[in-house]
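Worksheet for the structure shown next.
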Amino acid sequence: MTKPVQRIASLISALVVSSVILSSTAMAADDAIAQGKKIAVDRKKGNCLGCHAMGDGVMPGNIGPPLIAMKARYPDKAKLRAQIWDATEKNPHTPMPPFGKHGALSDKEIDLITEYVYSL
Amino acid sequence: MRKYLSVLLAASVSLGAGSVTAGNAQDVADLKEYFMKKFPGVEIASLKDGAYALDESLYMQFENVEEFPPWEDFAAKGEELYNKPFANGKTFASCFGDDVTKIRAKYPYWNSELKTVVTLEGDINKCRTDNGEKPFKGKRGSLAHVSGYIASQARGQIINVVVPDEPEAIAAYEAGKKFFYAKRGQLNLSCADCHVYQAGMNVRSELLSPTVGHVSHFPVWRRKWELADKKNNDGLGTLHRRYGGCNKQVRARPFKNQGEEYRNLEFFHTSMSNGLEWNGPAYRK
């Protein structure tokens with residue numbers, strides 16, 4: 001049997017380790033959202049504001065719907081990502097560029113934009 | 001049986017051809033009706049001023065600029081060039097006739113002998129080469145100046161592009177129409193995506209202009225081009241310069257200046273403004 005002091009010490013260290021892991025996961029998610037936002041507003045990348053009102057972006061276009069309440073509109077995040085990857089899949093007449101399919105953005109960039117848009 | 005089939009085939013071909021020619025008038029009527037529904041209260045004739053016809057405050061800014069037109073000095077350069085004799089002593093009037101006001105509205109037209117669409121800019125350069133001069137280069141500068149002068153002399157005349165009932169002419173018109181409605185480039189956008197279906201909407205702060213009224217004011221003076229030309233502040237450019245810019249914006253490779261693709265597009269595109277006034281050159285952002 002281990003001594004009570006030892007047991008408390010190991011408990012504390014376990015707690016510390018797990019909280020570090022948890023907070024670093026949260027930090028990684030925040031980081032992805034911030035990186036995604038950068039790509040989303042970049043005129044040479046996503047240029048989402050060309051057509052959509054989005055977050056605190058100024059002078060957005062109005063061709064596409066405002067990007068709000070995204071979790072309610074896309075309970076399945078994968079479907080949101082698929083829409084950014086190739087919106088023509090659902091509607092061949094859409095003016096939205098097929099960012100993934102046409103290689104305008106990389107897989108990684110689309111992952112990050114999805115994280116940002118999903119947070120709106 | 002074979003005879004019956006060939007008669008049937010001939011009938012369907014001629015019917016087909018006839019209906020496509022009627023198709024041009026129908027296309028114009030359909031598009032105008034579409035925009036009348038889309039922009040209630042906006043006169044179709046006023047679309048010669050593009051997106052400015054859709055927004056009162058933008059229109060006032062446009063009017064202010066046009067009071068002292070920035071393109072005027074460059075159209076004056078065009079006038080000088082127009083009247084300056086070539087090395088052989090002749091001038092542009094030897095090609096275009098004595099009345100400079102009667103030129104702009106003839107173009108673009110279908111040349112039944114050459115079986116091709118002829119543009120104003122194409123004929124300006126043809127006149128030069130026919131007279132032993134080098135053609136003007138590119139889509140700006142002297143070519144746009146002469147074209148701008150000619151356009152300025154025809155303001156107020158009515159656009160009336162005719163698609164003759166000839167299979168090749170109809171094919172050229174249809175090729176232009178297909179070009180206009182086909183999605184292209186990495187951004188997968190057709191001309192029609194922005195300038196038919198989304199006309200009147202905003203891309204960022206830019207108001208998208210409707211197709212009817214597009215070509216009336218060319219060669220166009222663009223503020224964007226004026227700013228880009230640090231040396232001369234010359235904002236005049238031809239229609240094909242604009243086409244190239246549009247293609248680049250959707251991340252497609254531009255086609256050749258005055259090549260068949262853009263000439264056919266110009267044929268279709270200009271005819272969509274039939275009945276509106278020629279009012280070039282004019283200012284745009």
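Throughout, protein chains are lettered first and strands after them, A, B, ... in sequence-line order, and every chain is numbered starting at 1. Computed from a predicted model, the values in this text were never measured in an experiment.
In terms of heavy atoms, Gly185(B) sits closest to His102(A) at O-ND1, 3.6 Å. When all heavy atoms are compared, the tightest approach of Arg251(B) to Lys44(A) is NH2-O, 3.6 Å.
Of the atoms belonging to Leu187(B), heavy atoms from both backbone and side chain fall under 4.5 Å from chain A. Using a 4.5 Å cut-off between heavy atoms, Gln186(B) touches chain A through backbone and side chain atoms alike. Only the backbone of Thr94(A) has a heavy atom closer than 4.5 Å to any heavy atom of chain B. Heavy atoms closer than 4.5 Å to chain B are found in both the backbone and the side chain of Pro95(A). Only the backbone of His93(A) has a heavy atom closer than 4.5 Å to any heavy atom of chain B.
For the pair Ile63(A) and Asn202(B), the minimum side-chain heavy-atom distance is 4.5 Å or more. Within the 4.5 Å cutoff, the side chain of Asn47(A) has heavy atoms near those of the Arg204(B) side chain.
Within a 6.0 Å radius of NZ in Lys38(B), more than 12 heavy atoms belonging to other residues, nucleotides or ligands are found. Within 6.0 Å of CD on Glu168(B) lie more than 12 heavy atoms contributed by other residues, nucleotides or ligands. Within a 6.0 Å sphere centred on CZ of Arg140(B), heavy atoms belonging to other residues, nucleotides or ligands number 12 at most. Heavy atoms from other residues, nucleotides or ligands lying under 6.0 Å from CD of Glu63(B) number more than 12.
To the nearest 0.5 Å, the span separating CE on Met201(B) from SG on Cys51(A) amounts to 9.0 Å.
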